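Here's the structure we're looking at; comments come further down.
Note that the coordinates shown come from a computational prediction; the quantities given were computed from them, not determined experimentally. In each ligand, atom 1 is the first atom listed, and ligand 1 is the first ligand listed. Just so you know, residue 1 is the first one in the sequence shown, and it goes up from there.
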Amino acid sequence: MDLGHWLGQAVEANRAWAEAYGPFRSHPSLEIDDERFAEVFGTFTERLKENYPFFHPRYAGQMLKPPHPAAMVGYLTAMQINPNNHALDGGPATARMEREVVEQLATMFGYDTHLGHLTTSGTVANLEALFVARELHPDRGVAYSAEAHYTHGRMCGVLGVEGHAVPTDGRGRIDLDALEELLATGRVGTVVLTAGTTGLGAIDPIDRALALRERYGVRIHVDAAYGGFFTLLAGAEGPAGLAEAPWRAIARCDSIVVDPHKHGLQPYGCGAVLFADPEVGRFYLHDSPYTYFTSEELHLGEISLECSRAGASAAALWLTFQLLPPTPEGLGQVLAAGRRAALTWSELIEGSELLDLYQPPELDIVSYFPVTEPAALSAIDRASARILQEGMTGEHPVFLSTLRADARAFTGRHPKLTADAEGARILRSVLMKPESEDYVTELHSRVEELARRA
Ligand SMILES: *Cc1c(COP(=O)(O)O)cnc(C)c1O
C-alpha cells in the first residue's frame with residue numbers, strides 16, 4: 001500500500017464526512033499561513049533527524065519500530081475526529097472497534113470469557129491487573145521474578161501492597177522452588193508470570209506454575225506485554241515454532257497484559273488488559289457526572305482506571321487486524337521472521353571467535369558479548385560499551401543496546417569467565433522487524449568487525 005496515497009484518502013474521508021454537517025466559519029485565531037508553517041515545519045523535521053533509524057534493519061537495539069502503514073492511516077483518519085474511548089458518548093465508533101479488537105486478543109490467548117480494554121501502555125495495563133488482584137486479596141502481596149519488568153515493583157508501591165522479587169533460573173525464568181517457598185508463607189495473593197521478559201525474552205513456566213495456584217489459592221497474572229503475540233508461534237511447524245505448553249496455559253490464567261504497541265504493529269499508546277472473569281468489573285464501579293448518558297450499553301470508562309483514551313488507538317488496531325489478524329497465518333508470519341532472524345544470528349555468533357552467545361534466544365532477542373582477553377567481566381563490560389558507541393558511527397552504523405547481567409547470572413551461564421566485577425554489560429538486539437531476517441549476516445559481520453578492533 002502507498003502510504004502517501006492513503007494519507008491523502010484519510011484527509012478526504014474526513015472532509016467528506018464533515019461536509020455533511022454544513023459550512024461554518026473557522027476562527028481567525030487558529031489560522032496559520034502556509035509560508036510560516038513551512039518555515040517551522042522545516043525546523044521541526046530537522047530536529048526529528050536526531051532519532052535513531054528505528055525503521056531500518058541496521059537498528060537492532062530496543063523494542064522500537066514504526067507502526068504498520070495501515071495502523072498509521074487508521075490512526076490519522078480517526079485522529080482527525082479525535083474520539084475519546086472513555087465513553088460511548090465520546091467515541092461510539094471507535095469504542096465498538098475497541099470491543100472487537102479486545103475480543104480478537106482474548107481469542108488469540110484462548111479465553112472463553114473475558115472482560116478487557118485497551119490502555120495507554122503495558123504499565124497501566126499491569127497496574128489494572130494488580131489493582132484487581134489487590135481488591136481480591138487485600139491482605140496479601142504480589143510475587144514476580146527478579147527479571148520481571150521493573151514497573152511491577154513500582155506499581156506495588158503505588159497500590160500499597162508488598163512486592164516480592166523471586167530469583168530466576170539459569171535461563172532467566174522464575175525459579176518455581178523459590179516461588180513455592182514464598183507462597184508457603186501465605187504472604188502472597190497474586191503471582192505475576194512473564195511470557196517473554198523484556199531483557200532476554202525468557203518465558204516463565206506458566207504451565208507448571210498453575211499447579212501452585214490451586215495449592216496456595218493465589219491468582220496468576222501473565223505479563224505478556226512484549227511476548228504475547230508469540231503465542232501465534234506456539235506449536236508452529238518449522239524453526240520458528242515454540243514449545244506449546246507455557247503458551248496454551250495462558251488460557252487458564254486469571255489476567256493477561258499484551259502491548260499492541262510492541263509486537264502488534266501499532267504506534268505508542270496501545271496496551272491491553274484482559275480478565276478471564278468478567279465479574280471483576282465490579283471493582284471499577286463508579287459513576288461519572290460528566291459522561292455515560294447515551295446508552296445503557298457498557299462504556300469502556302466504566303471498566304478502566306484511566307479516563308480519556310485515544311479512540312484513534314483502537315481505530316489503528318482495528319484496521320490493522322482486519323488486514324493482518326492475530327492468527328498464525330496473519331501476524332504470526334511477521335513474528336516468525338523475527339524469530340528466524342534471531343535463530344540465524346545466534347548460530348552465526350556461536351560459530352564466531354570474536355563473539356559469544358550469552359544464552360540461546362527464547363523469542364526474537366539475541367544476547368551476546370565480545371570475546372575478550374582476559375576473559376573477565378570488567379573487560380567484557382568495557383568492550384560491550386565500546387561496541388555500542390562505535391557501532392553508531394561511520395558509514396555503516398549499527399544500533400544495538402546493552403543489558404546489565406550480574407556476576408552470578410553471568411558465570412552461571414559461562415563458568416570459565418573471571419568474575420572481577422559485580423556484573424557486566426552485554427549486547428542485546430531485539431530483531432522485531434521481519435526485514436531483519438535478510439539482514440542478519442550484514443549485522444553479524446559489522447558487529448564482528450567492531451569486536452575485532454579491540
Ligand atoms: C514493555 C513491557 C512493560 C511495560 O510496558 P509499557 O507499554 O512500556 O508501559 C511491562 N512488561 C513487560 C514484560 C514489557 O516488556
Side-chain angles (χ1 to χ4, degrees), residues 54 61-67 71 75 101-102 105 109 116-131 133 142-159 163 165-166 168 171-174 190-206 209 220-231 242 246-247 250 253 255-274 304-306 309-310 313-314 316-317 335 338-339 342 361-367 401 403-404 428-432:
F54 308 125
Q62 315 274 17
M63 291 168 190
L64 278 162
K65 66 173 177 184
Y75 198 98
V101 293
V102 166
L105 291 172
F109 288 113
H117 57 275
L118 300 181
T119 61
T120 296
S121 69
T123 301
V124 172
N126 278 314
L127 170 65
E128 301 224 7
L130 295 186
F131 157 72
V142 174
Y144 39 79
S145 93
E147 305 236 355
H149 200 267
Y150 76 92
T151 50
H152 290 290
R154 166 183 283 186
M155 289 310 174
C156 282
V158 170
L159 291 167
V166 178
T168 51
R171 296 279 287 272
R173 299 168 295 204
I174 196 165
T190 299
V191 176
V192 175
L193 298 173
T194 306
T197 57
T198 316
L200 295 168
I203 299 137
D204 284 342
I206 301 165
I220 294 192
H221 168 61
V222 178
D223 179 1
Y226 150 66
F229 288 103
F230 281 97
T231 193
L242 299 172
W247 299 102
I250 294 177
C253 295
S255 52
I256 309 169
V257 159
V258 62
D259 262 356
H261 69 205
K262 279 185 180 144
H263 263 303
L265 308 174
Q266 298 306 297
Y268 284 116
C270 196
V273 62
L274 307 166
S304 144
L305 290 182
E306 293 175 273
R309 271 187 311 103
S313 290
L317 188 56
L335 279 100
R339 168 93 183 118
E362 306 280 344
L363 298 172
D364 62 1
I365 301 175
V366 185
S367 53
S401 75
L403 175 71
R404 177 165 290 283
R428 165 177 169 274
S429 287
V430 186
L431 301 180
M432 70 189 321

What is the ring orientation for Tyr226 with His263, classed by angle as parallel under 30°, tilted 30 to 60°, or perpendicular over 60°?
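Answer is tilted, since the angle falls between 30° and 60°.
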Phe230 and Trp247 aromatic ring geometry - parallel, tilted or perpendicular at 30°/60° bounds
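Ring orientation, 0 to 90° scale: tilted.
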Provide the number and element of each atom of ligand 1 under 4.0 Å from a heavy atom of [X].
| X | answer |
| --- | --- |
| Ser121 | 7 (O), 9 (O) |
| Gly122 | 5 (O), 6 (P), 7 (O), 9 (O) |
| Tyr226 | 15 (O) |
| Ala225 | 2 (C), 3 (C), 10 (C), 11 (N), 12 (C), 14 (C) |
| Thr198 | 12 (C), 13 (C), 14 (C), 15 (O) |
| Asp259 | 5 (O), 6 (P), 7 (O) |
| Thr123 | 4 (C), 5 (O), 6 (P), 9 (O) |

Taking distance alone, with no angle check, do Asp223 and ligand 1 share an N/O pair under 3.5 Å?
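Yes, at least one N or O pair falls under 3.5 Å.
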Side chain, backbone, both or neither: the part of Asn126 lying under 4.0 Å from ligand 1 by heavy atom:
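Answer for Asn126: side chain.
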[X] and [Y]: which non-hydrogen atoms are nearest, and at how many Å?
| X | Y | value |
| --- | --- | --- |
| Ala342 | Pro361 | O-CG, 3.8 Å |
| Glu362 | Ile203 | CB-CD1, 4.2 Å |
| Ile365 | Thr197 | CD1-O, 3.9 Å |

Is there a donor-acceptor contact under 3.5 Å from the side chain of Arg309 to the main chain of Gly269?
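No: the side chain of Arg309 does not pair with the backbone of Gly269.
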Rounded distance [0.5 Å steps], CG in Asp223 versus CD1 in Ile256
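These two atoms lie 11.0 Å from each other.
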Please work out which of Lys262, Met63, Glu147, His152 has its closest non-hydrogen atom nearest to atom 2 (C) of ligand 1.
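Comparing heavy atoms across Lys262, Met63, Glu147, His152, the nearest one to atom 2 (C) of ligand 1 lies in Lys262.
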